[in-house]
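I have placed the structure first, in the form of structure tokens, so that the comments after it can refer back to it.
Both counts, for ligands and for their atoms, begin at 1 and track the order of listing. Everything numeric here is computed off the predicted structure, so don't read it as measured data. Start at 1 with the first residue, then count along the sequence.
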Amino acid sequence: MKYALVTGGSRGIGAAICKELARNGYPVLINYVSREDAAIEVKREIEKEGGIAEILKFNVAEPKEIDSALDSWGATHPDDYIAVLVNNAGIRRDGLMMWMEDSDWYDVINIHLHGFFHATRKLITPMAKKKWGRVISVASLSGIKGMQGQTNYSAAKGGVIAATKALALEVAKRNVTVNAVAPGFVETDMTKELDQNTLRETIPAGRFGTAEEVADLVAFLASEKAAYITGQVIEINGGLNT
Ligand code: NAP
């Protein structure tokens, strides 16, 4: 079977992606790092709708954890492979660069950019061998235009976008597509302390996006219909960057 792995699938955008991919027929691997309860709830909701889901714990910033979790999964699934990888796990550690702690820089780069590298490098070979695969990374408007207070996050997301474009060229002939989506403001735990009333005035659509709207876009990129889209960054931001 062709499985889909969603890093950070326990909450927010990742949870919505897990559910939508399951509705589209993929057995889903829900990755989380700390909130097992949330991952179990996503699994329960998928199964309630008749889908298949498993939980896979690892920290995307720890290559050994990724290798060990995916090797164990592979050993118990000799006839399956992970055909869809959604690099979604993420954190914010905002602050002006002049006062930024080393850990705020490195943690954000490690989770977003190095997480992309380690998970994708591990799974791109089986996708290329099977001649079918989808790598979709959840980047951000911040990685396209740069946002004040987010030099770490903009650098990480900008790096993911550049790597996406380069990797797409390496595997296009193998029917593996590599794309990114770049959301603006989406209502999740990550944005819950932001002042929506003020920020929504800056958004042409007049509101934050929903996790489900991002999930629909990711599910399309994961589908057969998106076979000729590769190396792209698709913005989903209510017109914010228009
Ligand atoms: P969220 O609600 O805070 O959820 C974050 C998810 O990432 C959780 O499932 C969390 O797992 C997981 N995670 C965090 N660190 C991890 C690690 N080291 N290893 C594995 N999983 C980890 O965030 P969100 O808003 O859904 O964001 C999802 C993605 O969209 C992120 O890449 C974010 O940068 C991007 N994004 C968000 C927005 C927005 O406005 N919300 C806009 C643009 C881009 P636990 O539950 O186990 O903690």
Tell me the ring-ring contact (aromatic ring centres under 6.0 Å, His included) pairs involving residues 140-165, sequence neighbours left out?
His112-Tyr153
Answer yes or no: is there an ion pair linking Arg207 with Glu213, defined by an N-O contact shorter than 4.0 Å?
yes
Would you mind reporting whether Ile55 and Tyr32 have side-chain heavy atoms less than 4.5 Å apart?
yes
One finds that the ligand 1 atoms under 4.0 Å from a non-hydrogen atom of Ala89 are 7 (O), 13 (N), 20 (C), 21 (N), 22 (C), 32 (O)
Take Glu65 and Asn59 through the test side chain to side chain donor-acceptor pair (under 3.5 Å) and record every step on the way to the result.
CA-CA 6 Å; Glu65 282 189 29; Asn59 181 343; 5.0 Å; no
Are any of the N/O atoms in Asn59 less than 3.5 Å from those in ligand 1?
yes
Hey, are Thr120 and Asn87 close enough side-chain-wise for a donor-acceptor pair under 3.5 Å?
yes
Checking the N or O distance criterion of under 3.5 Å, is ligand 1 in contact with Ile91?
no
Applying salt bridge (charged side-chain N to carboxylate O under 4.0 Å, His left out) as the test, list every pair that has at least one member in residues 20-29; sequence neighbours left out.
Glu20-Arg23, Arg23-Glu49
Among all the protein's non-hydrogen atoms, which is closest to atom 12 (C) of ligand 1, and how far away is it?
Gly8 CA, 3.5 Å
Would you mind listing which atoms of ligand 1 come within a distance below 4.0 Å of any non-hydrogen atom of Phe185?
40 (O)
Considering heavy atoms of the protein only, find what lies nearest to atom 10 (C) of ligand 1 and give residue, atom and distance to 0.1 Å.
Arg11 NH2, 3.7 Å
Using 30° and 60° as the class limits, which term best fits the ring planes of Trp73 and His77: parallel, tilted or perpendicular?
parallel
For ligand 1, which part of His112 has a heavy atom less than 4.0 Å away: the side chain, the backbone, both, or neither?
side chain
Candidate with minimal heavy-atom separation from atom 37 (C) of ligand 1, of Ile17, Val186, Ile13
Ile13
Looking at every non-hydrogen atom in both residues, tell me the closest pair between Asn31 and Gly8 and how far apart they are.
OD1-N, 3.0 Å
Check: Val186 main-chain N/O paired with Thr191 side-chain donor or acceptor under 3.5 Å
yes
Is the shortest side-chain heavy-atom distance between Leu123 and Met127 below 4.5 Å?
yes
Look at ligand 1 and say whether Ala15 reaches it with a heavy atom at a distance under 4.0 Å.
no
Under a 4.0 Å threshold between the charged nitrogen and the carboxylate oxygen, would Arg44 count as salt-bridged to Glu41?
yes
Val138 heavy atoms within 4.0 Å reach ligand 1 at atoms 29 (C), 30 (O), 32 (O), 35 (C)
Would you say Ala38 touches ligand 1, if touching means a heavy atom closer than 4.0 Å?
no
Sub-4.0 Å atoms of ligand 1 with respect to non-hydrogen atoms of Tyr153
33 (C), 34 (O), 35 (C), 36 (N), 43 (C), 44 (C)
Check contact between Asn88 and ligand 1, using heavy atoms of the residue and a distance below 4.0 angstrom.
yes
Please say whether Val33 places an N or O atom under 3.5 Å from an N or O atom belonging to ligand 1.
yes
Closest approach of any protein heavy atom to atom 44 (C) of ligand 1, naming residue and atom
Ala139 O, 3.1 Å
Counting only heavy atoms, tell me which of Ala61, Gly90, Gly12 gets closest to atom 5 (C) of ligand 1.
Gly90
Please say whether Ser140 places an N or O atom under 3.5 Å from an N or O atom belonging to ligand 1.
no
For residues Thr177 and Leu221, determine if any side-chain heavy atom of one lies less than 4.5 Å from a side-chain heavy atom of the other.
no
Contact check, side chains of Leu199 and Phe185, non-hydrogen atoms, under 4.5 Å
yes
Among protein heavy atoms, which lies nearest atom 46 (O) of ligand 1, and at what distance?
Ser10 OG, 2.7 Å
Numbered atoms and elements of ligand 1 in range of Tyr32, under 4.0 angstrom, heavy atoms
47 (O)
Close side-chain approach of Ile17 and Val138, heavy atoms under 4.5 Å
yes
Between the side chains of Asn179 and Gln232, is a donor N or O closer than 3.5 angstrom to an acceptor N or O?
no
Out of Ala211, Gly184, Ala16, who gets a non-hydrogen atom closest to atom 38 (C) of ligand 1?
Gly184
Where's the contact between Asn31 and ligand 1, heavy-atom distance under 4.0 Å: side chain, backbone, both or neither?
side chain
Which segment of Glu36 sits under 4.0 Å of ligand 1 when only heavy atoms are counted
neither
Closest to atom 41 (N) of ligand 1 among Ile111, Val6, Thr188, Val60 (heavy-atom distance):
Thr188
Considering only heavy atoms, does Asp189 approach ligand 1 within less than 4.0 Å through its side chain, its backbone, both, or neither?
both
May I ask you to test the Ile46-Ile52 pair for a side-chain heavy-atom distance under 4.5 Å?
no
Under 4.0 Å, heavy-atom basis, I'd like to know which part of Phe208 is in contact with ligand 1: side chain, backbone, both or neither.
neither
Part of Ser142 with heavy atoms under 4.0 Å of ligand 1, whether side chain, backbone, both or neither
neither
Show the atoms of ligand 1 that are less than 4.0 angstrom away from any heavy atom in Thr191.
39 (C), 40 (O), 41 (N)
Of Met190, Lys57, Glu62, the one whose closest heavy atom lies nearest atom 23 (O) of ligand 1 is Met190
Atoms of ligand 1, numbered as shown, that sit under 4.0 Å from any heavy atom of Phe58:
19 (N), 20 (C)
Go through it in stages, so that I can follow the logic: the residues are Glu193 and Arg92, the test is salt bridge (charged side-chain N to carboxylate O under 4.0 Å, His left out), and I'd like the CA-CA distance, side-chain angles, deciding distance and then a yes or no.
CA-CA 12 Å; Glu193 82 282 11; Arg92 285 197 303 133; 2.6 Å; yes
